[in-house]
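Below: the structure, in structure tokens.
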Amino acid sequence: MHEKEVVGGKIHPLSVTTVFIEMLFNETLLATGTAFFVSSNKGPVLITNWHNLTGRNPETNECLSKHCAVPNLVRVKLLGPHQPLWFKFDLERNGKPVWVEHSIYGAQVDVVGVLLPELKEYVMHYVGIDEGWCRLDVADRVHIVGYPFGIHDNFAIWATGFVASEPETDYRNLPAFLVDCRARKGQSGSLVLSLIKPGDAKLHHGKLWAAQKEMVHYLGIYSGRINKDSDLGIVWKKGVLRDIVNTINTSRDIVSAMSSTFSGV
């Protein structure tokens with residue numbers, strides 16, 4: 001009898017870049033979603049959707065939860081070297097919300113950042129927010145990496161779609177574009193990216209180049225479908241993330257969400 005061969009698995013780094021989050025009112029779970037981290041001069045910044053943390057529809061301000069409650073706590077699942085760690089923080093500190101909104105559009109842009117400096121030694125993966133060189137065209141393939149339906153047993157789930165509106169224009173005169181993708185609840189706050197495989201051709205500075213290795217281009221953050229009957233969803237552009245980080249870097253009165261402790265799972 002031959003000894004069984006053990007085959008080592010490979011996990012794509014981007015499958016551990018996004019994090020699973022839970023929104024709670026005290027100990028009552030209201031909703032689940034997705035987030036990821038970007039870097040600032042003051043420490044890690046958790047990026048997710050405004051509607052995730054407020055529990056309200058950004059257009060109507062209506063409560064999203066069937067419990068008719070809005071969250072006051074968030075739990076974040078971090079993938080540690082040996083086991084997952086959960087970190088819980090309050091959404092209000094000294095009477096002020098802990099999140100930072102877009103400096104110009106405020107809650108019209110469904111994206112917020114939360115400064116979490118105490119997580120500096122625990123956050124292993126950051127999303128780059130530099131402008132980058134990759135040109136995005138309508139009908140290009142994109143990936144939405146997050147946690148649909150609260151599935152978080154292992155790693156993030158990848159959903160694939162296509163750019164549906166001209167990315168050089170702004171959807172509803174806001175810094176966003178549309179994708180056609182069959183995304184579902186729980187993917188709000190997901191990282192949106194373009195993955196270029198070896199051999200793929202890309203136009204750069206007027207010349208056509210063939211990729212020699214896999215390249216990743218971060219495009220922004222997903223915030224849900226435009227309505228429940230459509231697979232068209234909104235992606236907020238990467239410049240939104242740069243604006244939020246710049247606000248955190250330059251403002252003296254940013255409220256840090258430093259609070260409660262970790263617990264193992």
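Reckoned from all heavy atoms, side chains included, excluding hydrogens, waters and symmetry mates.
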**OP:** Report, as yes or no, whether the 6.0 Å neighbourhood of atom CG on Asn26 holds more than 12 heavy atoms from other residues, nucleotides or ligands.
**Re:** yes
Short side-chain to backbone donor-acceptor contact, [X] and [Y], under 3.5 Å:
X      : Y      : answer
Asp140 : Val163 : no
Thr48  : Thr34  : yes
Ser165 : Leu178 : yes
Ser190 : Gln187 : yes
Asp90  : Arg93  : no
Asp231 : Ala183 : no
Ser15  : Ile11  : no
Asn72  : Leu91  : no
Ser251 : Thr247 : yes
Lys77  : Val19  : no

Please report the interatomic distance [atom1]([X]) to [atom2]([Y]), rounded to the nearest 0.5 Å.
X      : Y      : atom1 : atom2 : result
Leu193 : Thr17  : CG    : OG1   : 8.5 Å
Ile144 : Arg182 : CD1   : CZ    : 13.0 Å
Ile21  : Phe36  : CD1   : CZ    : 11.0 Å
Lys197 : Glu214 : NZ    : CD    : 4.5 Å
Arg225 : Ile234 : CZ    : CD1   : 12.0 Å
Ile151 : Arg184 : CD1   : CZ    : 12.0 Å

Indicate yes or no: at least one non-hydrogen side-chain atom of [X] is less than 4.5 angstrom from one of [Y].
X      : Y      : result
Phe149 : Ile157 : no
Glu22  : Val74  : no
Tyr122 : Lys120 : no
Arg56  : Trp50  : yes
Val112 : Ile244 : no
Leu24  : Arg75  : yes
Glu118 : Phe87  : yes
Trp86  : Leu78  : no

Original post:
Ring centres of Trp236 and His102 under 6.0 Å apart?
Top reply: no
Original post:
Would a line drawn from the ring center of Phe20 to the ring center of Tyr147 be shorter than 6.0 Å?
Top reply: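 When the ring centroids of Phe20 and Tyr147 are compared, they turn out to be within the sub-6.0 Å range.
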If you look at every heavy atom in [X] and [Y], which pair is closest and at what distance?
X      : Y      : value
Tyr105 : Asn173 : OH-O, 4.1 Å
Gly113 : Val45  : CA-CG1, 3.8 Å
Tyr126 : Ser39  : CD2-N, 3.6 Å
Leu119 : Pro44  : C-CG, 4.0 Å
Pro175 : Val240 : CG-CG2, 3.6 Å
Ala164 : Asp180 : CB-N, 3.8 Å

**OP:** Can you sort out the partners of Thr250 under side chain to side chain contact (heavy atoms under 4.5 Å, CB included), two or more places apart, ordered by chain and number?
**Re:**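 Here the qualifying residues are Asn246.
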Original post:
Do His51 and Ser188 get their side chains close enough for a donor-acceptor pair, meaning under 3.5 Å?
Top reply: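 Their side chains do contain a donor-acceptor pair, which is all the 3.5 Å distance test asks for.
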Subject >> Modelled atom types, side-chain donor and acceptor of Ser223 and Asn49, under 3.5 Å >> reply: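 The criterion, which ignores hydrogens and geometry beyond distance, is not satisfied for Asn49 and Ser223.
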Check this for me, if you would: do [X] and [Y] make a salt bridge, where the nitrogen-to-carboxylate-oxygen distance has to be below 4.0 angstrom?
X      : Y      : result
Lys237 : Asp170 : yes
Lys88  : Glu27  : yes
Arg135 : Asp137 : yes

Do [X] and [Y] share a hydrophobic cluster (ILVMFWY, side-chain heavy atoms under 4.5 Å, transitive)?
X      : Y      : value
Ile196 : Val138 : no
Ile129 : Ile248 : yes
Ile221 : Val245 : yes
Leu241 : Val142 : no
Val235 : Val38  : no

**OP:** Decide yes or no on side-chain contact (heavy atoms from CB on, under 4.5 Å) for Val98 and Glu92, but give the supporting numbers first.
**Re:** CA-CA 6 Å; Val98 298; Glu92 191 174 281; 5.8 Å; no
**OP:** Before giving the answer on side-chain contact (heavy atoms from CB on, under 4.5 Å), spell out for Val100 and Ile254 the whole-Å C-alpha distance, their side-chain angles and the decisive distance to 0.1 Å.
**Re:** CA-CA 8 Å; Val100 176; Ile254 295 299; 3.8 Å; yes
Subject >> Leu14 and Tyr218: CA distance, side-chain angles, deciding distance, side-chain contact (heavy atoms from CB on, under 4.5 Å) verdict >> reply: CA-CA 11 Å; Leu14 292 169; Tyr218 301 119; 3.6 Å; yes
**OP:** Apply side-chain contact (heavy atoms from CB on, under 4.5 Å) to Ile47 and Val111, showing your working.
**Re:** CA-CA 7 Å; Ile47 298 290; Val111 185; 4.0 Å; yes
Original post:
Arg242: what forms a salt bridge (charged side-chain N to carboxylate O under 4.0 Å, His left out) with it, not counting sequence neighbours?
Top reply: none
